[in-house]
Amino acid sequence: MKTIHLIAAARPNFMKIAPLYHALNRTDWADPVIVHTGQHYDINMSDAFFTDFRLPDPHIHLGVGSGTHAQQTGRVMIAYEEVLMKTPPDLVVVVGDVNSTVAATLAAVKLGIPTAHLEAGLRSFDRTMPEEINRLATDALADLLWTPSPDGDENLKREGVPPEKIERVGNIMIDSLEMLRGRIEAERIYRQHGLGAGGYGLITLHRPSNVDDPEVLGRICGIISNITEKLPCVFPVHPRTRKNLETFGLMAGLEALAGLRLLSPLSYIPFMNLVFHSRLLITDSGGVQEESTYLGIPCLTLRPNTERPVTVTEGSNRLCTPADLEAHVNTILDQGWPKGRIPSLWDGKTADRVVASIRRYLDR
Ligand code: UD1
């Protein structure tokens with residue numbers, strides 16, 4: 001049997017490892033081991049995802065918790081190195097671009113343990129984003145780079161990565177969605193909040209660039225207030241955002257808005273049920289840009305750039321600023337919006353391609 005560590009740390013990681021865990025489990029040669037670094041630890045940020053995706057409790061838990069970037073990265077490296085020295089796996093799989101992704105890669109590569117990166121090659125070309133630093137470092141070090149779209153291949157080649165390390169496998173997030181589609185469709189959370197199908201906007205915000213500066217966040221809250229006068233909105237609030245809304249004295253203003261439902265972070269199935277029935281999405285999340293493209297739902301991304309450009313060139317996503325957000329919402333409501341098309345290999349079969357790639361790699 002080949003032991004394969006799947007590193008999961010933060011909310012967007014849990015759904016990416018799930019289809020891969022199940023696909024590896026179906027083989028007779030792979031023993032997938034879930035390593036939870038503990039970067040996200042709240043029930044709705046972590047445990048509920050394990051239940052939704054029928055994942056077992058993590059086999060290994062590093063329990064690192066929150067901290068500064070260096071603290072979080074350093075603690076994962078120290079804790080994971082100990083695990084690797086005691087019981088080295090045949091392959092380490094890291095996903096996404098969070099601090100734990102680069103930390104686990106550094107620990108494994110230095111011990112000579114083969115490491116693969118799922119969702120490789122994405123670039124925003126914005127080095128003020130912590131995730132961009134994590135992506136650059138992870139891709140420079142990993143042995144096997146699985147990309148979701150052709151721009152990923154091109155970015156890696158431009159950075160001098162040998163082409164034989166790169167393999168386009170498609171978008172694992174679509175596997176996650178298709179895996180749970182039946183239960184997402186059966187859920188009725190939007191009704192519980194008094195919302196009608198296709199009759200509300202869904203907001204998610206957590207990027208430091210949008211939520212860490214009181215002026216920027218205050219401005220965004222003002223625009224949300226205007227938008228809710230035209231379209232009721234629902235806003236599951238990320239812990240980072242909630243903390244800042246409270247510290248900056250902005251929470252009470254949002255709570256007073258008749259057209260806004262403020263919720264705690266949601267687990268995957270209820271959140272995706274809200275996505276499925278939304279009129280439009282306002283977000284700074286990476287995953288939501290992809291899910292909206294797959295579903296053809298108008299998506300307004302409050303960022304100056306995206307590491308997922310196919311969601312704009314092919315899909316229903318558009319970048320916007322606080323200054324033009326409201327005008328874009330008006331366009332969607334009054335004139336409609338291009339539905340876009342689904343990028344190639346975003347087909348729910350990415351986990352199978354990754355499993356085949358692992359088999360070929362380990363047979364070499
Ligand atoms: C992290 C990732 C980001 C990803 C996001 C998804 C990095 C650099 N960032 O950002 O790429 O899009 O996760 O959610 O890795 N907190 C809780 N409960 C938790 C987790 C965090 O209260 O379960 C609090 C922490 O105390 C901290 C804040 O939320 O103050 C931010 O957490 P952190 O893990 O540092 O980064 P995220 O903003 O969640």
Side-chain angles (χ1 to χ4, degrees), residues 7-17 36-52 58 61-77 79-80 94-106 117-120 122-124 126-139 172-173 176 203-213 216-217 235-248 251 263-268 271-272 275 281 283-291 301-303 305-308 311:
I7 309 294
R11 187 168 64 173
N13 296 162
F14 305 129
M15 52 230 195
K16 288 172 197 163
I17 63 153
H36 188 333
T37 68
Q39 178 172 344
H40 282 176
Y41 41 82
D42 285 353
I43 290 179
N44 280 346
M45 297 293 285
S46 169
D47 305 19
F49 284 78
F50 282 79
T51 315
D52 281 354
H61 206 302
L62 304 179
V64 299
S66 300
T68 66
H69 287 277
Q71 283 167 346
Q72 220 171 37
T73 310
R75 283 192 212 125
V76 173
M77 285 181 69
Y80 190 45
V94 297
V95 299
D97 54 17
V98 301
N99 287 337
S100 302
T101 308
V102 66
T105 303
L106 274 163
H117 183 205
L118 179 55
E119 208 180 76
L122 300 189
R123 295 293 179 268
S124 64
D126 175 359
R127 291 195 183 199
T128 65
M129 283 181 82
E131 295 82 2
E132 182 74 355
I133 307 297
N134 295 340
R135 291 188 280 258
L136 283 161
T138 302
D139 288 342
I172 194 80
M173 296 279 281
S176 317
I203 303 170
T204 82
L205 293 171
H206 75 281
R207 294 278 161 215
S209 57
N210 283 328
V211 307
D212 282 5
D213 179 319
V216 175
L217 188 56
F235 182 6
V237 187
H238 185 281
R240 171 191 284 277
T241 311
R242 179 171 295 274
K243 205 188 286 175
N244 291 343
L245 285 169
E246 282 163 3
T247 311
F248 306 155
M251 201 49 152
L263 310 181
S264 298
L266 296 169
S267 64
Y268 185 78
F271 179 74
M272 286 308 298
V275 172
L281 300 153
T283 193
D284 57 14
S285 143
V288 172
Q289 296 176 56
E290 299 176 334
E291 288 151 352
T301 296
L302 258 182
R303 284 179 44 188
N305 48 56
T306 177
E307 59 290 326
R308 294 162 162 90
T311 62

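Order of appearance sets the numbers: ligands from 1, and atoms from 1 within every ligand. These figures come from a predicted structure and were not determined experimentally.
Using a 4.0 Å heavy-atom cutoff, Ser46 is absent from the residues neighbouring ligand 1.
With Asn13 contributing its side chain and Ala10 its backbone, the two residues share a donor-acceptor pair below 3.5 Å. Judged purely by atom type and a 3.5 angstrom limit, Asn244 uses its side chain to pair as donor or acceptor with the backbone of Val211. Side-chain N or O atoms of Thr241 include none that pairs as donor or acceptor with a backbone N or O of Val237 at under 3.5 Å. With hydrogens and angles ignored, the 3.5 Å screen pairs a side-chain donor or acceptor of Thr306 with a backbone N or O of Arg308. Judged by distance alone, with hydrogens and angles left aside, the side-chain atoms of Thr101 form a donor-acceptor pair with the main-chain N or O of Val98 at under 3.5 Å. With hydrogens and angles ignored, the 3.5 Å screen pairs no side-chain donor or acceptor of Asp97 with any backbone N or O of Arg135. Looking at Gln289, its side chain does come within 3.5 Å of a backbone N or O of Ser285 through a donor-acceptor pair.
Between Phe49 and His40, the distance from one ring center to the other does not fall under 6.0 angstrom.
Ligand 1 places these atoms under 4.0 Å from at least one heavy atom of His69: 8 (C). Below 4.0 Å from some heavy atom of Glu131 lie the following atoms of ligand 1, by number and element: 3 (C), 9 (N), 11 (O). Numbered from 1 in the order shown, with element, the atoms of ligand 1 that lie under 4.0 Å from a heavy atom of Gln72 read 34 (O), 35 (O). Remark: ligand 1 atoms within the under-4.0 Å shell around heavy atoms of Lys243 are 26 (O), 27 (C), 30 (O). If you number the atoms of ligand 1 from 1 as listed, the ones under 4.0 Å from a heavy atom of His206 come out as 4 (C), 5 (C), 6 (C), 12 (O).
Scanning all protein heavy atoms for the shortest distance to atom 25 (C) of ligand 1 gives Ser66 OG, 3.1 Å. Looking at atom 32 (O) of ligand 1, its nearest protein heavy atom turns out to be His40 NE2, 4.3 Å. Closest to atom 8 (C) of ligand 1 among all protein heavy atoms lies Asn99 OD1, 3.4 Å. Among all non-hydrogen protein atoms, the one lying nearest atom 6 (C) of ligand 1 is Pro12 CD, 3.5 Å. The shortest contact between atom 34 (O) of ligand 1 and any protein heavy atom is with Gln39 NE2, 3.3 Å. Counting protein heavy atoms only, atom 17 (C) of ligand 1 is closest to Tyr41 OH, 3.4 Å. Ranking protein heavy atoms by distance to atom 38 (O) of ligand 1, first place goes to Arg240 NE, 2.7 Å. Shortest contact from atom 37 (P) of ligand 1 to any protein heavy atom: His238 CE1, 3.8 Å.
Across His206, Arg207, Arg240, a single residue satisfies side chain to side chain contact (heavy atoms under 4.5 Å, CB included) together with Asp212, and that is Arg240.
Inclusion of Asn134 in the set of residues having an N or O under 3.5 Å from an N or O of ligand 1 is not warranted.
Side-chain polar atoms of Ser46 and His36 form a donor-acceptor pair below 3.5 angstrom. A donor-acceptor pair shorter than 3.5 Å can be found between the side chains of Asp52 and Ser267.
Considering Ser285, Pro208, Pro239 only, the shortest heavy-atom separation from atom 29 (O) of ligand 1 involves Pro239. Among Asp42, Asp284, Asp212, the residue whose heavy atom sits closest to atom 18 (N) of ligand 1 is Asp42.
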